[in-house]
Amino acid sequence: MQTRLKELQIRMTNPQAPLEPAPQQGQPILDRLAFEKLTAAHRRELKLHCYRMMGSLHEADDLVQDTLLRAWRARSEFDGRGSVRGWLYTIATNSCLNALKARARGRRILQQPGQPPSHGPATGGPEAEVTWLEPYPDMELPGLADSEPGPEARYETREAVQLAFVAAIQDLPPRQRAALLLADVLGWSAAETAQLLGGSTASINSALQRARATLAARYPRGRPAGRSQPSSEQGLLLERYMQAWQAANLDGLIELLREDATYRMPPWREWYQGREAIRGFFETIWSKFGGFRTVAIGANAQPAVGVYSRSHHDLGWRAHSLHVIEPAEGGIAALTVYVGPLGPSLFPAFGLPPTWQGAYL
């Protein structure tokens, strides 16, 4: 099986290699029904893996389809004696690495590097030239209780889904990112990771050391703050947040924030730091709308909200923004609010309609 996986890895890392190998004499080939049964249990975790690699929900969708197509065409490489999961991760990871090489733009971000925090109204407008990190719907997550990582993993399942974590690993070169995800998130050994990515165990350990050093520069403890299971306090925080938006209660919203809270709003470059600056921004915005309606969702295993708005002249409720909340001790530590045109484009992925007709919420 190791030899076959190695041959498959070579094929997958070379986009010009034939995708339909000739079957070996006497080797049974999976039919489509058997193939679907073999791969169905792994679709969601493969999609999450591709999302972590790419930082894009839409690219993850495409790459999972590409992975399954490549696996189908290369099914003669799998004889049933090895791990289906490892075989599929080999294809998915190398498909992601190929896609990253071909990507016209750089890494996906939540915040423009070098951009200082803003004060007052946002005047820059949506930035189409930046590739923004997208949120991930909780309804697409594998069952977290059933997908605990291996014993060598350094990150808990829930913290490795957080929006801030996915943003942090986008700073890593693609190969380091893949090594970190396989070893520190999924819990693969360095030898197993080397088998998938190619190279020696020593080279993988070196890549992991560099990747961990990069994360340590962002996180003082080398990792994001641990996140407990959703609690009644978080539920109350989310309820109060939604009520503040629906009542346009700026004082109520600001009370929910920590003093050092961060507010980002992709695809706009501007971001705000601290209660005073965030208040100053919202004072310039809320008066322009005739009202808001909210619906609770989930994104990146964090509380999240879809917001609909209407104008002073039009009573129709239309998709406005998608909010991902980072709760912490003392209130909300960070708000990432995806606004137009990016925010409304994400609504379908979260099961939200483009307009609200009253009975929906």
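Note that this is a predicted model, so its numbers are computed, not measured.
In this structure, CD1 on I254 lies 10.0 Å from CD on E259, to the nearest 0.5 angstrom. Remark: M242 CE to Q246 CD distance equals 6.0 Å, nearest 0.5 Å.
Here salt bridge (Lys or Arg N to Asp or Glu O under 4.0 Å) pairs that include residues 303-325, with residues two or more places apart or in two chains, are D314-R318. Within the structure, salt bridge (Lys or Arg N to Asp or Glu O under 4.0 Å) contacts touching residues 112-130 (residues at least two apart or in different chains) are R105-E129, E127-R269.
E276 CD: 12 or fewer foreign heavy atoms inside a 6.0 Å radius. The environment of Q243 atom CD is dense: over 12 non-hydrogen atoms of other residues, nucleotides or ligands sit within 6.0 angstrom.
Looking at residues two or more places apart in sequence or on another chain, you find no salt bridge (charged side-chain N to carboxylate O under 4.0 Å, His left out) involving R43. The side chain to side chain donor-acceptor pair (under 3.5 Å) test applied to R103 returns E59, not counting sequence neighbours. Among residues two or more places apart in sequence or in another chain, the side chain to side chain contact (heavy atoms under 4.5 Å, CB included) test is passed with P126 by P267, W268, P341. Listed by chain and residue number, R70, S95 satisfy the side chain to side chain donor-acceptor pair (under 3.5 Å) test with D66 (two or more places apart in sequence, or in another chain). For F347, the ring-ring contact (aromatic ring centres under 6.0 Å, His included) partners are Y308, not counting sequence neighbours. Listed by chain and residue number, nothing satisfies the side chain to side chain contact (heavy atoms under 4.5 Å, CB included) test with A213 (two or more places apart in sequence, or in another chain). Not counting sequence neighbours, the partners of P173 by the side chain to side chain contact (heavy atoms under 4.5 Å, CB included) test are Q176. With sequence neighbours excluded, no residue satisfies side chain to side chain donor-acceptor pair (under 3.5 Å) with S311. Checked against side chain to side chain donor-acceptor pair (under 3.5 Å), W245 has the following partners two or more places apart in sequence or in another chain: Y241.
Under the 4.5 Å side-chain heavy-atom criterion for Ile, Leu, Val, Met, Phe, Trp and Tyr, I285 and V307 are members of the same hydrophobic cluster.
Y272 places a side-chain N or O within 3.5 Å of a backbone atom of G120 that can act as its donor or acceptor partner. When atom types are taken as modelled, the side chain of Q170 and the backbone of V166 share a donor-acceptor pair closer than 3.5 angstrom. Checked by atom type and distance alone, the side chain of E134 pairs as donor or acceptor with a backbone atom of L57 at under 3.5 Å.
A salt bridge does not link D171 with R177: none of the charged nitrogens is closer than 4.0 Å to a carboxylate oxygen.
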Sequence neighbours excluded and cut-off under 3.5 Å, please list the side-chain donor-acceptor pairs for residues 333-340, or say none.
from : atom 1 : to   : atom 2 : distance (Å)
T336 : OG1    : R264 : NH1    : 2.9
Y338 : OH     : L133 : O      : 2.8

